[in-house]
Amino acid sequence: MKQGSKPRPERSWVEICCFGCSCLQLFWPRVVMRKLLNINPRDSDYSADTDDGDDIGSDSETEEFFDCGNGIGSRFRGIREEDPQPDLNDCLPRLRRRNSETFRAQYISTKELRICVGTWNVGGTVPPDDLDIDDWIDIDEPADIYVFGFQEIVPLNAGNIFGAEDNRPVPKWENIIRETLDRIQPANTKMEDFYEDAGDSIRLQNRKFTRTLSGIAENRKLTRMLSGTERIGLSWPEPPLNFLPQNVLERPGSFKPRKSFRAIKSFKTYNSFKSINDMCHMVSAIALLAELDLESLMKRKRRSSYVRIVSKQMVGIFLTIWVRRSLRRHIQNLKVSTVGVGVMGYIGNKGSISVSMSIYQTLFCFICTHLTSGEKDGDELKRNADVHEILRRTRFHSLSAIGLPKRIHDHERIIWMGDLNYRINLPYDKVRDLISKEEWSKLIERDQLVGELQKGHSFDGWSEGALNFAPTYKYELNSEKYYGEDPKAGRRTPAWCDRILSYGKGLRQLMYRRTELKLSDHRPVTAIYMAEVEVFCPKKLQRALNYTDAEIENEEVVAEVIAY
């Protein structure tokens with residue numbers, strides 16, 4: 001310690017506690033106001049799996065989406081509203097739809113994607129690491145897209161509602177989902193996906209190989225500048241074959257020769273004068289050459305078959321979406337919107353998380369909600385009001401983003417999931433009696449949500465699969481008994497609180513069921529859809545543009561091509 005400097009006084013634990021309380025007093029109002037106004041930093045809208053070195057989606061050429069010729073393209077994360085927007089009239093394909101479906105059919109084809117949607121109110125329970133969700137997500141019939149909506153991922157206490165967001169359960173759920181999806185057998189994956197991945201990997205490695213050969217060529221130029229007498233003598237009569245893996249030598253036809261490969265005509269007559277740097281380049285090139293073998297491609301580090309494209313939490317609501325790795329490059333314009341309708345009409349203990357995206361050339365929206373609870377008369381009106389607020393306040397793109405969806409109903413395929421909390425308008429004993437007899441039709445007649453769908457009030461035009469399973473709420477924890485069989489513990493009338501709805505053409509439901517997981521007082525629900533998506537075909541468009549002069553004079557045809 002320097003002379004003359006005074007020793008710092010030690011602070012007592014009382015002073016430290018007082019200082020901490022002062023910081024908390026300054027910080028707490030900010031947290032509450034951000035939650036009240038539903039303000040989120042732009043840089044943390046959602047989380048997703050990052051591209052690693054082995055991911056074919058990490059290459060810039062595969063991430064760009066229909067470059068518009070002016071250097072501005074839409075990336076995988078979507079167009080930010082503050083970024084300069086390209087002239088969408090120069091882009092193909094346009095997301096807007098026109099009247100001439102016959103003309104569009106000339107350059108648009110369709111394909112089907114299998115989508116698995118699951119919703120579960122987990123009651124604030126942290127899952128064990130070995131939780132088995134195989135039946136919930138139906139891994140025997142793999143899907144192209146998995147959408148998981150959770151409610152009460154954290155307990156809905158005052159600290160979680162008004163305080164800083166507790167995201168500790170999120171990694172646990174994501175690890176369980178990832179490990180489950182990793183167990184899906186790749187044999188059901190189309191072989192074209194494998195060849196697409198292999199081809200992209202070869203092209204990526206070939207670019208690295210070409211850059212390495214360029215470095216070798218520069219060193220050769222320097223060597224030729226020296227006179228013959230300056231070259232100091234010992235020659236290496238043959239290439240370092242010990243660096244080449246034997247399987248590459250035994251499989252000369254495992255890849256097609258390319259121009260960059262022909263640059264290496266011979267490895268003979270390498271002089272010892274050539275720089276060590278040159279030899280390092282050669283060893284590096286040989287190593288890259290070995291990586292191009294298809295057999296070694298198949299034996300590469302195993303990557304997950306599915307990747308997480310979005311995860312978003314708002315208090316207890318959590319939405320996470322996973323897709324096949326080869327499908328990720330075809331998903332663009334991804335946006336997230338949250339709406340809180342809880343305490344004071346704005347806090348996120350109740351509300352929605354909505355995700356907008358385009359898959360190929362079709363607009364999708366996935367909504368996870370937790371609506372107002374209660375089984376008293378009139379509580380269903382509060383839930384209807386929640387739905388109205390979610391539809392009114394959900395926003396994705398600004399007005400400047402021409403052709404992109406702003407609201408939920410601007411999408412073509414919409415799936416709404418969550419703990420909607422609609423009840424059955426029957427006494428407890430009557431409901432229990434009908435459940436024991438499995439008379440679902442009589443229960444459905446008095447279901448509040450079914451009534452809303454029929455009247456077209458809060459869910460006008462929406463549809464739901466047949467309810468051929470028992471009500472999913474409310475159970476005793478880790479039990480098959482409904483809550484209330486013991487009158488001393490209180491009663492809750494069983495209900496189908498956990499629902500999955502759909503809106504729009506092109507969605508065909510294959511399955512709608514519940515799963516017997518006893519982690520919480522709710523049972524999880526699963527819906528399987530086959531979704532039709534439109535795929536832009538450049539070759540079809542090229543053929544469609546080969547018009548006669550008379551057809552070109554037709555302004556409607558020309559306008560259709562430009563507008564789309």
Side-chain angles (χ1 to χ4, degrees), residues 38 40 45-46 78-79 81 95-97 113 115 117-119 145 147-151 309-314 317-321 331-342 345-346 348 350-372 382-422 449 452-453 455-464 499-507 509 527 529 531-534:
N38 199 22
N40 289 308
D45 283 345
Y46 60 89
I79 301 175
E81 291 157 8
L95 296 179
R96 290 188 298 175
R97 298 296 183 254
L113 297 176
I115 303 177
V117 182
T119 181
I145 302 171
V147 184
F148 302 103
F150 294 87
Q151 304 82 44
I309 62 169
V310 59
S311 283
K312 177 64 178 176
Q313 178 187 3
M314 182 182 71
I317 305 173
F318 176 59
L319 179 62
T320 180
I321 301 177
I331 299 176
Q332 293 85 27
N333 306 309
L334 201 154
K335 287 288 184 178
V336 176
S337 176
T338 59
V339 174
V341 296
Y346 281 90
K350 295 293 191 293
S352 67
I353 299 175
S354 304
V355 175
S356 168
M357 67 181 73
S358 57
I359 306 177
Y360 290 98
Q361 276 66 65
T362 303
L363 299 173
F364 280 80
C365 185
F366 301 99
I367 309 146
C368 178
T369 61
H370 193 185
L371 305 184
T372 299
K382 298 178 182 178
R383 292 184 272 274
N384 294 346
D386 291 346
V387 174
H388 176 75
E389 283 296 295
I390 291 169
L391 291 173
R392 183 180 69 87
R393 289 161 48 191
T394 299
R395 291 289 186 276
F396 297 109
H397 295 274
S398 67
L399 296 176
S400 63
I402 302 173
L404 297 176
K406 283 86 176 172
R407 303 186 180 189
I408 290 175
H409 278 111
D410 292 341
H411 298 78
E412 298 160 285
R413 319 275 189 265
I414 311 172
I415 297 178
W416 188 308
M417 74 209 78
D419 181 359
L420 307 189
N421 259 320
Y422 285 97
L449 180 56
E452 293 299 322
L453 291 171
K455 297 174 184 176
H457 287 173
S458 56
F459 285 101
D460 185 21
W462 293 73
S463 61
E464 182 184 24
R499 313 289 275 268
I500 301 175
L501 311 177
S502 63
Y503 184 91
K505 298 178 180 179
L507 285 172
Q509 192 173 70
Y529 295 92
E532 186 180 89
V533 295
E534 294 184 338

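By convention here, the first residue in the shown sequence is residue 1. Computed from a prediction, not measured in an experiment: that's the story for all the values here.
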TODO: Indicate yes or no for a side-chain donor-acceptor contact from Asp386 to the backbone of Thr372 under 3.5 Å, with no hydrogens or angles considered.
DONE: yes
Open item on the list: In the structure I gave you, are the side-chain heavy atoms of Ile145 and Val147 within less than 4.5 Å of one another anywhere?
Closed with: yes
TODO: Name all residues meeting the salt bridge (Lys or Arg N to Asp or Glu O under 4.0 Å) criterion together with Arg383; count only those two or more places apart in sequence or in a different chain, and write none if there are none.
DONE: none
Task: 4.5 Å side-chain heavy-atom contact, Met357 and Ile309 - done: yes
- [ ] Please name the residue in the list Tyr503, Phe366, Phe396 that meets the ring-ring contact (aromatic ring centres under 6.0 Å, His included) test with His411.
- [x] Phe396
Open item on the list: Return the CH2 to CD1 distance between Trp416 and Ile367, rounded to the nearest 0.5 Å.
Closed with: 5.0 Å
Task: Approximate separation, where rounding is to 0.5 Å, of Ile321 CD1 and Leu334 CG - done: 7.0 Å
TODO: Identify, with sequence neighbours excluded, every residue that meets salt bridge (Lys or Arg N to Asp or Glu O under 4.0 Å) alongside Glu389.
DONE: Arg392, Arg393
Task: Inter-residue atom distance Asp460.CG - Lys455.NZ, 0.5 Å rounding - done: 13.5 Å
- [ ] Check Leu371 against Lys350 and note the closest heavy-atom contact, atom names and distance.
- [x] O-CE, 3.2 Å
TODO: Over all heavy atoms of both residues, which pair between Ser356 and Pro405 is shortest? Give the atoms and the distance, please.
DONE: OG-CG, 3.5 Å
Open item on the list: I need the minimum non-hydrogen distance between Leu319 and Gly149, along with the two atoms involved.
Closed with: CD1-CA, 4.2 Å
Open item on the list: Would you say Ser352 and Thr369 are linked by a side-chain donor-acceptor pair, where the criterion is simply a distance under 3.5 Å?
Closed with: no
Open item on the list: Once rounded to the nearest 0.5 Å, what's the spacing between atom OH of Tyr529 and atom CG of Leu113?
Closed with: 15.0 Å
Task: Side-chain donor or acceptor of Thr362 paired with backbone N/O of Glu534 under 3.5 Å - done: yes
Task: Short side-chain to backbone donor-acceptor contact, Arg395 and Arg407, under 3.5 Å - done: no
Open item on the list: Quick check for you: to the nearest 0.5 Å, what is the distance between Ile390 atom CD1 and Thr338 atom OG1?
Closed with: 11.0 Å
TODO: Side-chain contact test, heavy atoms from C-beta onward, threshold under 4.5 Å: evaluate it for Tyr46 versus Ile353 and give yes or no.
DONE: no
Task: Closest approach of Arg499 to Leu449 (non-hydrogen atoms, all atoms of both residues) - done: CZ-CD2, 3.6 Å
Open item on the list: Using 0.5 Å steps for rounding, measure from the NZ atom of Lys505 to the CD atom of Glu532.
Closed with: 11.0 Å
Open item on the list: Main chain of Leu363, side chain of Glu412: is a donor-acceptor contact present, judged purely on distance under 3.5 Å?
Closed with: yes
- [ ] Might you point out which heavy atoms bring Gly418 and Gln151 nearest each other, and give the distance in Å?
- [x] CA-NE2, 3.4 Å
- [ ] Anything under 30° is parallel, anything over 60° is perpendicular, the rest tilted; go ahead and classify His409 against Trp462.
- [x] perpendicular
Task: Heavy-atom closest pair, residues Thr119 and Asp419 - done: OG1-N, 4.2 Å
Task: Any side-chain heavy-atom pair of Lys312 and Val355 under 4.5 Å - done: no
Open item on the list: Could you tell me if the side chain of Phe318 sits less than 4.5 Å from the side chain of Cys368, heavy atoms only?
Closed with: no
